[in-house]
Amino acid sequence: MAIPPDKKETGMASASNREAARDLISTIDDAIVDGLMQGAVDLHVHSGPSTMPRQVDHFQAVEQAAAAGMRGIMFKDHHYSVAPFIPIMDRVLGHLNVAMFGGLVLNNSTGGLNPFVVDAQLKQGAKLIWMPTAQSANHIRSSHRKSRLASNVQLKPSPGITVVDAYGEILDEVKQILDSIAEFNAILSSGHLHVWEIWKLFEEAKKRGVKRLLVNHPMYGLHFTYEDITELAQFGALIEQSACLYVDSRFNVFPPQELKEHILAAGVEHSSIGSDLGQVDNPTPVEGMRQAIKMCLALGFTEAEVRLMVRDNPSKLIGLEVA
């Protein structure tokens, strides 16, 4: 069944969850985590600069990932694409041997559902196209009176974006975007759309030849059920769980056991873990990944299963060869 978000919004629940997370991960040897971080890939890094405060910039995120032995990171900002800057960053940081990727979130602040912007970004190297996030109609509705989903930056008020028309059919401009994603064999993420929209979107995407499908934090703000997770995983989507929602983070909304439930709903073979971190007053992306690895081990996942979720599955999705 779905997790009622209103019951997860209280500070009391978050504090209890964070304490449980700290207690659980304290049982895991750091040396084991060091080994599992080797070759790990984080497809959900919120470094800066950004419209929102960030504790690490893009360069620092790469340097920290390299120090931890990671293989790659994907930069995600809700309001601009890092993709055009990757060649410059690679010139400066390429010696660290961390693959760097950028993508575009289709919020109003980046052009919305604009096929011309998507085409240009893919031709500038974008590897992932996220459907609307903070400016999606679903996010705006879901964030009403929910401080965790609401933006802490007051941008110009934005109309909510949906990918379907009044009859529930995928918009023509979205079809053009899907065609471009298929042409470049890029990744399509569901962003913060409602699960009903995601089903419509992914079905149309597959018809148009999109092969790389990604769902981010399905049980938070997207109104998934466990059955939706299972069926979308079987449909071919990689189901990414956000570490920040389970570890010792101010964004924690779930107790540790639910991470296991959410992963098992998809199956380890269809699951990945992204940090979804970089915000101030939170663990760094690297620390968030380390905590998530510890939590998975403490919850009973084997080292091989954890490696599949933090290294192999995200590597295959982004197109990196798995060591």
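Position 1 is the first residue of the sequence, and the numbers go up from there. What you see below is based on every heavy atom in this structure, not just the backbone, and it leaves out hydrogens, waters and symmetry mates. Worth saying up front: this structure is predicted, and the values here are computed from it rather than measured.
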What verdict does the side chain to side chain contact (heavy atoms under 4.5 Å, CB included) test give for V306 and L297, after you've listed the backbone C-alpha separation in whole Å, the side-chain angles of each residue and the deciding distance to 0.1 Å? CA-CA 7 Å; V306 173; L297 292 171; 3.9 Å; yes
Where do D29 and K294 land on the salt bridge (Lys or Arg N to Asp or Glu O under 4.0 Å) test, with the steps shown first? CA-CA 8 Å; D29 187 348; K294 288 184 178 183; over 6 Å; no
Hey, mind stepping through N252 and V247 against side chain to side chain contact (heavy atoms under 4.5 Å, CB included) and telling me if it holds? CA-CA 6 Å; N252 179 295; V247 303; 5.8 Å; no
Which is it for V215 and E240 under the side chain to side chain contact (heavy atoms under 4.5 Å, CB included) test, yes or no, and what are the steps along the way? CA-CA 6 Å; V215 175; E240 180 191 87; over 6 Å; no
The test is side chain to side chain contact (heavy atoms under 4.5 Å, CB included); show your working for V45 and L277 and say whether it passes. CA-CA 6 Å; V45 173; L277 287 165; over 6 Å; no
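In this pair, H58 and Y80 present their aromatic rings tilted. The plane angle is within the 30 to 60° band.
For the atom pair K211 NZ and L188 CG, the distance stands at 13.0 Å (nearest 0.5 Å). To the nearest 0.5 Å, atom CD of residue Q291 and atom CG of residue L24 are 11.0 Å apart. In this structure, F75 CZ and F85 CZ are separated by 12.0 Å, a value rounded to the nearest 0.5 Å. The line from CE of M100 to CG of D90 is 4.5 Å long, rounded to the nearest 0.5 Å. Interatomic distance, OG1 of T225 versus NE2 of H223, reported as 12.5 Å (0.5 Å rounding). Interatomic distance, CD1 of I229 versus CZ of F224, reported as 7.0 Å (0.5 Å rounding).
Side chains of H78 and T133: a donor on one and an acceptor on the other come within 3.5 Å. A donor and an acceptor atom, one from each side chain of Y246 and E258, are nowhere located under 3.5 Å apart. A donor-acceptor pair shorter than 3.5 Å can be found between the side chains of D276 and H46. In summary, the side chains of S180 and D119 do not present any donor paired with an acceptor at a separation below 3.5 Å, with no hydrogens or angles considered. Q176 and D179 share no side-chain donor-acceptor pair at under 3.5 Å. Side-chain atoms of N108 and S158 form a donor-acceptor pair, as typed in the model, at a separation below 3.5 Å.
Nearest heavy-atom pair across I28 and A298 is CD1-N, 3.8 Å. When all heavy atoms of H192 and A134 are compared, the pair lying nearest together is ND1-N, 4.0 Å. Contact detail for Y226 and A265: the closest heavy-atom pair is CD2-CB, 3.7 Å. For the residue pair E305 and V268, the shortest heavy atom distance occurs at O-CG1, 3.6 Å. Of all the heavy atoms in V210 and L178, the pair that sits closest is CG2-O, 3.5 Å. Residues S271 and N313 come closest through the heavy atom pair O-ND2, 2.8 Å.
In this structure the side chain of I177 reaches within 4.5 angstrom of the side chain of M131, judged on heavy atoms. The closest side-chain heavy-atom distance from Q279 to Q55 is not below 4.5 Å. The shortest side-chain heavy-atom distance between H44 and L128 does not fall under the 4.5 Å cut-off. Within the 4.5 Å cutoff, side-chain heavy atoms of C296 are placed close to those of I263. Annotation: side chain of L259 is in contact with side chain of L299 (closest heavy-atom distance under 4.5 Å). Between W130 and L104, every side-chain heavy-atom pair lies at or beyond the 4.5 Å cut-off. With contacts defined as side-chain heavy-atom distances shorter than 4.5 Å, the pair V118/L106 qualifies. The side-chain heavy atoms of L214 and S190, taken from C-beta on, include no pair separated by under 4.5 Å.
Connection of V82 to I187 is not established within any shared hydrophobic cluster, with ILVMFWY side chains joined at heavy-atom distances below 4.5 Å, either directly or through further cluster members. A chain of hydrophobic side-chain contacts below 4.5 Å, direct or via other Ile, Leu, Val, Met, Phe, Trp or Tyr residues, connects F301 to I25. V286 and I73 end up in the same hydrophobic cluster when Ile, Leu, Val, Met, Phe, Trp and Tyr side chains are linked at under 4.5 Å. Linking Ile, Leu, Val, Met, Phe, Trp and Tyr whenever their side-chain heavy atoms come within less than 4.5 Å leaves I88 and F59 in two separate clusters. The same ILVMFWY cluster, assembled from side-chain heavy atoms under 4.5 Å apart, contains both L201 and I239.
Of the charged side-chain nitrogens involved, at least one lies within less than 4.0 Å of a carboxylate oxygen, so that E204 and R208 count as a salt-bridged pair.
Ring to ring, H217 and H262 are not that close: their centroids are 6.0 angstrom or more apart.
S275 pairs with exactly one of D42, T284, N282 by the side-chain hydrogen bond (donor to acceptor under 3.5 Å, both in side chains) rule, that one being D42. Between L222 and the choices D228, N138, N216, the side chain to side chain contact (heavy atoms under 4.5 Å, CB included) rule is met once, by N138. Looking at E19, M295, R22 one by one, the single match for side chain to side chain contact (heavy atoms under 4.5 Å, CB included) with D248 turns out to be R22.
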Which pairs of donor and acceptor atoms, one on a side chain in residues 314-323, lie under 3.5 Å apart (sequence neighbours left out)?
residue: S315; atom: OG; partner: R311; partner atom: O; Å: 2.6

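Scanning for ring-ring contact (aromatic ring centres under 6.0 Å, His included) contacts around H270 gives an empty result, with sequence neighbours left out.
Under the 3.5 Å distance criterion, the side-chain polar atoms of Q135 are matched with a main-chain donor or acceptor of S109. A donor-acceptor pair under 3.5 Å links the side-chain atoms of D57 to the main chain of Q60, judged by distance alone. A donor-acceptor contact shorter than 3.5 Å is absent between the side chain of S272 and the backbone of M309. A donor-acceptor contact shorter than 3.5 Å links the side chain of S50 to the backbone of M52. A donor-acceptor pair under 3.5 Å is absent between the side-chain atoms of S136 and the main chain of I161, judged by distance alone.
Within 6.0 Å of the NZ atom in K76, the count of heavy atoms belonging to other residues, nucleotides or ligands exceeds 12. By the 6.0 Å contact criterion, CZ on F116 is open, its count of non-hydrogen atoms from other residues, nucleotides or ligands being 12 or less.
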